[in-house]
Every structure is written in structure tokens, then in C-alpha cells.
Amino acid sequence: MEESSEGDAGGQNVKEEEDMQTMPDITEEEDVEAFTHADVLDIFEEGLARLVQDPLLCDLPIQVTLEEINSQIALEYGQAMTVKVLKADGEIMPIVVVQDASVLDLKKAIRRFMELKQQREGGVRHISWKYIWRSYNLVFQGGKLEDDRMRLKDYGIRNRDEVTFMKRLRRK
């Protein structure tokens, strides 16, 4: 039995080699169309615009990123959660993080959210995140989220919970 299976495999390899020999030679220049960087970006943005028309993704902005699409899909499948971060000016930032995210993951997601927001509004300013985290705390139900390595769920934070961005008080 082994001989026949080896013979079949050998026959298959011969067949594949014959098929490859009969294929016309195609040079890379003929196979690939020349696109400029701008053309590729336009094609990509058109594809993203079509994706955003899907009911699952319709809440996303027009200039959506692949990261935002993946986050929305993860939310739909229960692999991520939305944490509402309340700023002092009353603005609520819906931040998407994975279910087992740490406080550091939340801070990185807040930073990314703010960077995307600035890009979309056209006014990109430099923000010193080192200063922000020295001057502000994230607070949930009166408790500060101080340990960056601790998981949000260990603080009791679940999907759609609200975390406050609060100015630190100076100690004298």
C-alpha cells in the first residue's frame, strides 16, 4: 500500500511540474499594475468607506482606521468593552479596550483616542502624556486607578462603566 501512495504522490508532483511548464511566463511588470501611493490610499479609503456602511460599523467616523474597525468587531463578539471616560469639561470619551485590559492599556487607548480626535479636527497639538498622568488620575467609584499593571476588572470596571479623569490634589 505504501508503494502505491508514494507512486501517487510522485505522479502528482510530475503533474504539477507539467502544469507549471505549460503556464505562460509572466514577468512582474506585466503582472503588477503600477499604482502611486496616493492611488493605493484612495482605494483603501474607498474600501473602508464601504465597510463603514455595514450596520455593525455605522457608528464609526468617515475617516475610520483599521484599528477602530477591529475594536468595533471585538465589541460585537464580546472580546472588548467600552469604558466611558468623563473629562472635567463634561466630554465623555468612549474608549474601547479588550476585556482583560490593564490600567496601562486604558491609558494607551485614551492617548490613541485623543490623537485620532486631533487628527480629524485638523488641529494637532503636542500633548505631554507624561505630564497628564503626573497631574491627573483616573477614578472609578471614588477609588484611584493607581497601579498600571492591575486589570480593570480587578477594580470592578465592566462594559459601559464610567471612569472620571480627575485633577490630582497637591499634598503640602
Side-chain angles (χ1 to χ4, degrees), residues 16-17 19-136 138 140 145 148-155 157-165:
E16 287 175 3
E17 288 175 17
D19 289 343
M20 291 181 77
Q21 289 174 356
T22 59
M23 291 177 64
D25 288 333
I26 299 175
T27 64
E28 283 189 32
E29 292 174 17
E30 294 172 339
D31 189 36
V32 178
E33 292 183 37
F35 287 111
T36 66
H37 181 70
D39 292 339
V40 173
L41 283 177
D42 289 342
I43 292 168
F44 181 73
E45 287 175 2
E46 286 173 20
L48 282 178
R50 281 191 303 252
L51 272 176
V52 175
Q53 293 173 356
D54 183 281
L56 171 65
L57 306 173
C58 65
D59 293 336
L60 295 175
I62 298 298
Q63 296 171 325
V64 68
T65 64
L66 186 57
E67 178 184 358
E68 290 171 309
I69 291 173
N70 288 335
S71 294
Q72 196 69 24
I73 292 170
L75 272 173
E76 184 67 21
Y77 285 106
Q79 299 166 344
M81 64 179 171
T82 302
V83 176
K84 297 175 186 175
V85 179
L86 178 63
K87 290 176 36 181
D89 63 3
E91 179 186 354
I92 296 177
M93 301 182 292
I95 307 296
V96 178
V97 291
V98 294
Q99 287 289 348
D100 63 341
S102 66
V103 173
L104 183 60
D105 295 331
L106 177 60
K107 288 179 177 181
K108 287 178 182 178
I110 291 170
R111 179 179 181 168
R112 182 69 177 138
F113 178 89
M114 290 302 297
E115 288 170 354
L116 287 171
K117 181 179 176 192
Q118 282 187 335
Q119 285 176 2
R120 289 181 180 133
E121 292 175 353
V124 178
R125 296 185 322 229
H126 174 73
I127 295 175
S128 171
W129 288 97
K130 198 175 204 178
Y131 170 79
I132 295 291
W133 299 126
R134 257 195 338 251
S135 304
Y136 291 86
L138 292 173
F140 177 68
L145 309 181
D148 282 351
R149 295 168 298 185
M150 198 161 161
R151 303 276 168 223
L152 296 176
K153 63 183 174 185
D154 295 335
Y155 281 108
I157 299 172
R158 304 285 178 248
N159 192 25
R160 297 189 190 102
D161 279 346
E162 195 171 279
V163 171
T164 307
F165 208 65

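For clarity, every value in this text was computed on a predicted model and none was experimentally measured.
Taking both residues in full, the closest heavy atoms of R149 and S102 are given as O-CB, 3.9 Å, listed atom of the first, atom of the second, then distance. When all heavy atoms of E162 and F140 are compared, the closest pair comes out as O-CD1, 3.3 Å. L75 and A80 make their closest contact through CD2-O, 3.5 Å (heavy atoms, listed as atom of the first residue, atom of the second, distance). Residues E67 and R112 approach most closely at OE1-NE, 2.8 Å, considering heavy atoms. What you find for K117 and E91 is that their closest heavy atoms are NZ-OE2, 2.6 Å.
Interatomic distance, NZ of K108 versus CD1 of I95, reported as 14.5 Å (0.5 Å rounding). The NZ atom of K84 sits 9.0 Å away from atom CG of N159, with the distance rounded to the nearest 0.5 Å. With values rounded to the nearest 0.5 angstrom, K107 atom NZ is found 14.0 Å from Y136 atom OH.
Side chain of D42 to main chain of D39: no donor-acceptor pair is present (N/O by atom type, distance under 3.5 Å, no hydrogens or angles).
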Practice prompt. Apply side-chain contact (heavy atoms from CB on, under 4.5 Å) to K153 and M81, showing your working.
Written response: CA-CA 11 Å; K153 63 183 174 185; M81 64 179 171; 5.8 Å; no
Item to complete: Please test F113 against V85 for side-chain contact (heavy atoms from CB on, under 4.5 Å), starting from the C-alpha separation and ending with a verdict.
Response: CA-CA 11 Å; F113 178 89; V85 179; over 6 Å; no
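For R120 and E68, the salt-bridge test passes: some basic side-chain N is under 4.0 Å from an acidic carboxylate O.
Note on ring orientation: taking the six-membered ring where Trp is involved, the planes of F165 and W133 are perpendicular (angle over 60°, cut-offs 30° and 60°).
Put simply, the residue from L152, L145, I110, L86 that forms a side-chain contact (heavy atoms from CB on, under 4.5 Å) with V163 is L145.
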